Every structure is written in C-alpha cells, then in structure tokens.
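Following: one structure in structure tokens, then a few remarks.
Since the structure is predicted, the reported quantities are computational estimates derived from the model, not experimental observations. FYI, side chains are in, hydrogens and waters are out, and symmetry mates aren't considered; it's all heavy atoms of this structure.
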Amino acid sequence: EVRLVESGGGLVPAGGSLRLSCAASGFTFDDYNIGWFRRVPGKEREGLACISNRSGTTTYANSVKGRFTISRDNSKNMVHLQMNSLKPEDTATYYCALKSGSYDGSSFLSEKYGMDYWGRGTLVTVSS
C-alpha cells in the first residue's frame, strides 16, 4: 500500500520558517518524481516545488522561488520543503504528491498528466 504522510505544519508568524516533511512507503521511492502542492479553501490547488527522481533536478513556482527549498533523501524515503520568509498568503493545506515517468517540472506543477499518489496534507497557518 502506497502511503504519503506529511508532517511539520503548524502556526508560525509572518517572516518565520517551517520545514515540512513527507514520509513515503509502499513503493520504490526513487522511481518517482515528487513535489509539494497547496490548497486554500475556495481556490485552485497550486503546485509549488518538485524534484526529479534521481538527478535531484528541482522546479519552483514563481510564488515561492527563493523562499522555499525542496529536497529529498532517497535513503530514508523522505522529501522536505523548507519554507522561509513565510507570508500570511502562504496559509494553506500543503500536500506532497508523486508521479512516475520522465521529469518535466512545469508539467508536474501544473498537474498536466495528473499525479499517481497524494498525501492527506498538513495545515500551515501564517499569522500577520
């Protein structure tokens, strides 16, 4: 059974930092490209950052470029999202997701071909 479990969300003041983690199990982790998305109620889901399965190539949305950093540890089946300089508009539920196949960061973040698996999300609240 494939499982993606996010953690690390919480309440943080504007300007602060959080590190989200996604623990993966039930599949061969380094076969998959993996990324982070977020959703605010009433708005479309937004792709934030993704990382390729083996080479570690990364792609970021403009809204988080320079503030967020994605990384993965294939030995531990973990992916992280370091979020710095958080803003109130970063408040959302954050999800990790994965997709097999060749890496195309733009297509991944736009969900052009859909995702294979999703986590259940972790809530991040940034206070002003």
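Under a hydrophobic-cluster definition in which Ile, Leu, Val, Met, Phe, Trp and Tyr are linked whenever side-chain heavy atoms come within less than 4.5 Å, directly or via other members, Val12 and Leu81 are assigned to the same cluster.
One finds the CG atom of Asp90 at 8.5 Å from the CD atom of Glu46 (value rounded to the nearest 0.5 Å). The line from CD of Glu6 to SG of Cys96 is 4.0 Å long, rounded to the nearest 0.5 Å. With values rounded to the nearest 0.5 angstrom, Phe68 atom CZ is found 11.0 Å from Trp36 atom CH2. Here the CZ-CD distance, from Arg67 to Gln82, works out to 12.0 Å after rounding to the nearest 0.5 Å. Atom CE of residue Met78 and atom OG of residue Ser21 lie 4.0 Å apart, to the nearest 0.5 angstrom. Rounding to the nearest 0.5 angstrom, the gap separating the CG atom in Asn62 from the CG atom in Leu48 is 11.5 Å.
The local environment of CZ in Arg54 is crowded, with over 12 non-hydrogen atoms from other residues, nucleotides or ligands closer than 6.0 Å.
When the options Asn74, Leu20, Ile70, Leu4 are evaluated for a side chain to side chain contact (heavy atoms under 4.5 Å, CB included) with Val79, the one that passes is Ile70.
In this structure, the side chains of Tyr113 and Ser107 come closer than 4.5 Å at one or more pairs of heavy atoms. The side-chain heavy atoms of Leu98 and Tyr117, taken from C-beta on, include a pair separated by under 4.5 Å. Annotation: side chain of Val124 is in contact with side chain of Met83 (closest heavy-atom distance under 4.5 Å).
Not a single donor-acceptor pair under 3.5 Å links the side chain of Asn77 to the backbone N or O of Ser25. A donor-acceptor pair under 3.5 Å is formed between the side chain of Thr91 and the backbone N or O of Val126. Counting only distance, with no hydrogens or angles, the side chain of Thr122 and the backbone of Ser7 share no donor-acceptor pair below 3.5 Å. In terms of modelled atom types and a separation under 3.5 Å, the side chain of Thr125 and the main chain of Leu11 share no donor-acceptor contact.
At a cut-off of 3.5 Å, with distance as the only test, a side-chain donor of Ser17 or Asn84 sits close to an acceptor on the other residue. Side-chain N/O atoms of Ser106 and Asp104 include no donor and acceptor closer than 3.5 Å. Judged by distance alone, the side chains of Tyr103 and Ser55 never bring a donor and an acceptor atom under 3.5 Å apart. For the residue pair Asp31 / Ser100, no side-chain donor-acceptor distance below 3.5 Å is found, with atom types taken as modelled.
For the pair Glu111 and Arg45, the salt-bridge criterion is met [side-chain N within less than 4.0 Å of a carboxylate O].
In this structure, Arg72 is positioned above the aromatic face of Phe29, its NZ or CZ under 6.0 Å from the six-membered ring centre and within 45° of the axis.
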- Test log, rule side chain to side chain contact (heavy atoms under 4.5 Å, CB included), inputs Thr69 and Tyr60: CA-CA 8 Å; Thr69 302; Tyr60 295 92; 3.7 Å; yes
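The hydrophobic cluster around Trp118 extends to Phe37, Tyr95, Phe108, Leu109, Met115, counting ILVMFWY residues whose side-chain heavy atoms fall within less than 4.5 Å of a member. Through direct or relayed side-chain contacts under 4.5 Å between Ile, Leu, Val, Met, Phe, Trp and Tyr, Val40 connects to no other residue.
Heavy atoms only, all atoms of each residue included: Ser128 and Ala14 are closest at CA-CB, 4.4 Å. Among all heavy-atom pairs drawn from Lys99 and Gly114, the shortest one is CD-O, 3.1 Å.
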